[in-house]
Amino acid sequence: MGGGASLDAGRPADVLAARPRGGGRPLRGAARLCGTACRWRRRGRRRPRPDHCRGRRALASRTHERAGSPHPAAGGLRVRPPGGHPVARGHQRGARAGPHLQRRRCRALHQRRAGCRPPPPSTRMTTTQESDQILQRRANLEELRKLGVPVYPHRFDPQAAAADLVQAHGDKGADVLEAAQITTRTAGRVLAIRGFGKANFLVLSDGRSRIQVYIREDSLSPRDFRIYKLLDFGDWIGVEGRLFRTKTNELTIWASQIEFLAKCLLPLPEKWHGLTDIETRYRQRYLDLIVNPDVRRVFEIRSRVVAAVREFLTRRGFLEVETPMMQSIPGGALARPFVTHHNALDIPLYMRVAPELYLKRLTVGGIERVFEINRNFRNEGMSAQHNPEFTMLEFYWAYADYLDLMGLTEELLGDVARQAAGAEVVPYGDHTVSLTPPFRRVSLREAVRAAASARLNRVVDPGELRSRDRAAGLASELDVAVTPAMGAGAVTMKLFEHLCEGDLVQPTFVYDFPTEVSPLSKQKADDPETVERFELYVAGFELANAFSELNDPAEQQRRFEEQLRQRAGGDDEAHAMDEDYVRALEYGMPPAAGEGIGIDRLIMLLTNSHSIRDVILFPLMRPK
RNA sequence: GACCGGGUAGCUCAGUGGUAGAGCAGCGCACUUUUAAUGCGCGGGCCGCGGGUUCGAUCCCCGCCCUGGUCACCA
């Protein structure tokens, strides 16, 4: 790496790669209520207290240390109080009872004076309130600067990542490495420092793998050894050196040069327990990624899943497209949209709840096989299975019907599981889920009928689900609440969710849904109350929703009008009228089948994750 | 929305109506193959926020905020 010679400026900045992510959700045709939003909370770092408030606290050595700048000459870099000795701990404790009271009084005084205004928002770079550890790290950074080390260099040129080294040389023995004299250059974050005076070890992480670095004073230039001495847990460095194995057989780089790459100014979570606080893991995902290696694996699988889906569909002639995510008429699902506003046009816009109607317009346009993988947004509640933005695959296949989709879905899921997770059979909680075809198939009404029969210990007649009154009677027998506005179909759906959904662990196609709850699906030729639609359940949740597409414009018009009636009746999740969509159907849409698959839920299944937040890098959190 | 649990040092967690604890991390010293290194010494806390009760609250009471879970709502 040749000292600073390898560092050179003027490289183009990294381009941020767009990456699909998002949540699962009841797919097309389901919805959830939203909770209240928009609360704010006063939050901020303490502002420095004026002198009249400091009281005896100001006399404590600790305050002294905090207020003063670190003393670099002391070797230890810690500033001692004027007497030269740290104040004994017991001393401080003794002094504490007073300040305690004083703090409270002080606060009250402040609030009176300031008219109870909350303190100003946090200013992150203040030093007076920061912990010793942060001051220490800053001091170490300044020391590096004084040595003339570029502390934020522009680039480094690693020959291999830690993961590459482990993969390439992980199986080579000590003698092989000794004979080969392999010199390498790598970079990463320092995740452990074990010093022995003259023999020292670092653990370097590239985010995937870790490799040990051996530091000896007599193998490094004085400058580089000084850099080592000033390293903190979490710093980024580059190293060059020879590969060998230690006495304990650990693959290690014997460092001949060190380059400092970036400072970690804040202390990291500890090495052993890591970061377990779930809230912090989601809010500060970067920390989670640094210290919890399994997190990286989840998102690597996520990336492979999306790539495998793309590859599978592309290989079968499906064209990937991108349709609007901001729509003037939100459609394609029964769900509440997020509303926004376009200033120049002065119109309301809605974040899409589904791409469905646009993709079907494309089939009208002659794109016979089309798909999209991207985010949907639903302004509804959040849960372990629901994030307000989530990623969905939708695809449409001309000339096919929902039975064809079942076959394709079996192939797709098996293929993706093999490629992304390495197997068709995956563990999920206490279960083992097999994605090997064929999947079980059961009609919705039969599933409900059987479950209700078992629950009630009597034979439930299929006809009971066809009549609104009898279905409602069954619901009340089973203690399932229904509303007067719900028809027989809606009641059946509700019964299904209560009686069956959670028990469907192995992949199961539940097919033939009531027309009432399926405004975009095609009816069965011999049964207008029923549509050719299925949902795929795995591990107790809905993974896919698919149907033969309704392409009769007159029938579509009638369905929209029925939805409008429901909307007028207070259902703000009912589907909006989309006249252009009906017009598109009037130009003629080929017979087609379409399907939506919740990518986040698929990732959950393949990574054995039980919260959607574990498969979304930055799940929505209430601002703190 | 209801109920249950959590919020204490940078992290992981104990704990108590009477001066706040441990392990790791940090600082100092020692140590030439460690790997949760070790040993000795040291520093670090608005005990989530605001009220109340009390001589005294981190602890008890009330309210609020954030959060995990269960249920409900929704479909």
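Basis for what follows: all heavy atoms, side chains included, without hydrogens, waters or symmetry-related copies. Chain A is the first sequence line, chain B the second, and so forth, proteins listed ahead of strands; every chain is numbered from 1.
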Discussion item. So if I take every side-chain heavy atom of Arg283(A) and compare against C27(B), U67(B), U12(B), which nucleotide ends up nearest?
Written reply: U67(B)

Worksheet item: Can you tell me how far C1' in G10(B) sits from the matching atom in A2(B), rounded to whole Å?
Response: 37 Å

Discussion item. What I want to find out is whether Arg281(A) reaches Glu279(A) closely enough, with some N-O distance under 4.0 Å, to be called a salt bridge.
Written reply: no

Item to complete: Tell me whether the OP1 or OP2 atom of G26(B) has a side-chain N or O from Arg137(A) closer than 4.0 Å.
Response: no

Discussion item. Using whole Å, what does the distance between atom C1' of nucleotide C11(B) and atom CD1 of Ile290(A) come to?
Written reply: 13 Å

Worksheet, complete the sentence: Closest to the side chain of Thr246(A), out of G68(B), U34(B), U32(B), is U34(B)

Discussion item. Can you confirm whether Glu542(A) sits close enough to Leu536(A) that some side-chain heavy atom of one is under 4.5 Å from a side-chain heavy atom of the other?
Written reply: no

Worksheet item: Between Gln284(A) (CD) and G10(B) (P), how many Å, whole number?
Response: 13 Å

Discussion item. Walk me through whether Arg468(A) and Glu516(A) qualify under salt bridge (charged side-chain N to carboxylate O under 4.0 Å, His left out).
Written reply: CA-CA 12 Å; Arg468(A) 200 272 159 193; Glu516(A) 180 187 345; over 6 Å; no

Worksheet item: What does Asp277(A) touch in the nucleic acid at a heavy-atom separation under 4.0 angstrom: a base, only the sugar-phosphate, or nothing?
Response: sugar-phosphate

Discussion item. For the C1' atoms, the ones on G23(B) and on G63(B), what distance do you get once it is rounded to whole angstrom?
Written reply: 36 Å

Discussion item. Which nucleotide, if any, forms a Watson-Crick or G-U wobble pair with C71(B), using both distances under 3.5 Å?
Written reply: G1(B)

Discussion item. Consider ring pair (Phe, Tyr, Trp, His ring centres under 6.0 Å). Of Phe509(A), Tyr511(A), Phe496(A), which one does Tyr537(A) pass it with?
Written reply: Phe496(A)

Worksheet item: What about Glu270(A), does its side chain sit under 3.5 Å from the base of G23(B) through a donor-acceptor pair?
Response: yes

Discussion item. Any strand counts, and the cut-off is 3.5 Å on both contacts for Watson-Crick or G-U wobble. Which nucleotide pairs with U54(B)?
Written reply: none

Item to complete: Indicate whether Phe201(A) forms a stack on U34(B); treat it as stacked only if centroid distance is below 5.5 angstrom and interplanar angle below 30 degrees.
Response: yes

Worksheet entry | Closest to the Thr483(A) side chain, choosing from U34(B), G43(B), C74(B) | C74(B)

Worksheet entry | OP1 or OP2 of C74(B) under 4.0 Å from side-chain N/O of Arg378(A) | no

Practice prompt. State which of U33(B), A75(B), A37(B) makes the closest approach to the side chain of Glu497(A).
Written response: A75(B)

Discussion item. At 4.0 Å (heavy atoms only), tell me whether Gly274(A) reaches a base, stays on the sugar-phosphate, or touches nothing.
Written reply: sugar-phosphate

Worksheet item: Of all the nucleotides listed (G68(B), G26(B), U34(B)), which has the minimum atom distance to the side chain of Gln136(A)?
Response: G26(B)

Item to complete: Record whether the side chain of Glu250(A) comes under 3.5 Å of the base of U34(B) through a donor-acceptor pair of N or O atoms.
Response: no

Worksheet item: Rounding to the closest angstrom, what is the interatomic distance between U58(B) and U8(B) at atom C1'?
Response: 7 Å

Worksheet item: If you look at every strand shown and take non-hydrogen atoms under 4.0 Å, does Gln212(A) touch a base, only sugar-phosphate, or nothing?
Response: base

Fill in: Arg622(A) side-chain N/O to C66(B) phosphate OP1/OP2 under 4.0 Å
yes

Worksheet item: Using the P atom in both, what is the distance from A57(B) to U19(B), to the nearest Å?
Response: 12 Å

Item to complete: Indicate whether any N or O donor in one side chain lies under 3.5 Å from an N or O acceptor in the other, for Asn200(A) and Tyr228(A).
Response: yes

Worksheet item: Does the side chain of Arg613(A) get closer than 4.0 angstrom to OP1 or OP2 of G68(B) through an N or O atom?
Response: yes

Discussion item. Could you identify the nucleotide paired to G44(B), looking across every strand shown and requiring Watson-Crick or G-U wobble geometry with both distances under 3.5 Å?
Written reply: none

Item to complete: Please state whether the phosphate of C74(B), meaning OP1 or OP2, lies under 4.0 angstrom from any side-chain nitrogen or oxygen of Lys494(A).
Response: yes

Worksheet item: So what does Ala192(A) hit on the nucleic acid, given a heavy-atom distance under 4.0 Å: a base, only sugar-phosphate, or nothing?
Response: nothing

Discussion item. Would you measure the distance from the C1' atom in C55(B) across to the matching atom in G17(B) and give it in whole Å?
Written reply: 12 Å

Worksheet item: Looking for any heavy atom pair under 4.0 Å, which part of the strands does Phe244(A) touch: base, sugar-phosphate only, or nothing?
Response: base

Worksheet entry | Pairwise P distance for A9(B) and A14(B), with rounding to whole Å | 12 Å

Worksheet item: Do the side-chain N or O atoms of Lys271(A) get closer than 4.0 angstrom to the phosphate oxygens (OP1, OP2) of A25(B)?
Response: yes

Worksheet item: When rounded to the nearest Å, what value does the distance between P atoms of G26(B) and G52(B) take?
Response: 43 Å

Item to complete: Take atom CG of Leu230(A) and atom P of C27(B), then tell me their distance rounded to the nearest Å.
Response: 10 Å

Item to complete: Would you tell me whether Arg352(A) and Asn376(A) have side-chain atoms, one donor and one acceptor, within less than 3.5 Å of each other?
Response: yes

Worksheet item: Does a donor on one side chain sit under 3.5 Å from an acceptor on the other, for Arg138(A) and Gln133(A)?
Response: no

Worksheet item: Which of these nucleotides, U34(B), G68(B), A72(B), is closest to any side-chain atom of His498(A)?
Response: A72(B)

Discussion item. Would the base of U12(B) count as contacting Thr276(A) through its side chain, where contact means a donor and an acceptor less than 3.5 Å apart?
Written reply: no

Item to complete: For Leu268(A) and for Leu620(A), find the nucleotide of RNA chain B with the closest heavy atom, then tell me which residue's nucleotide is more 5'.
Response: Leu268(A)

Worksheet item: Looking only at atom P, what distance separates G48(B) and G7(B), rounded to whole Å?
Response: 8 Å

Worksheet item: U33(B) P sits how many Å from Lys247(A) NZ, rounded?
Response: 5 Å

Discussion item. Check this one for me: any side-chain N or O of Arg194(A) less than 4.0 Å away from OP1 or OP2 of U34(B)?
Written reply: no

Worksheet item: In terms of side-chain heavy atoms of Asp132(A), which of G44(B), U33(B), U34(B) is nearest?
Response: G44(B)

Fill in: Flag, side chain of Ser518(A) to backbone of Pro514(A), donor-acceptor distance under 3.5 Å
yes

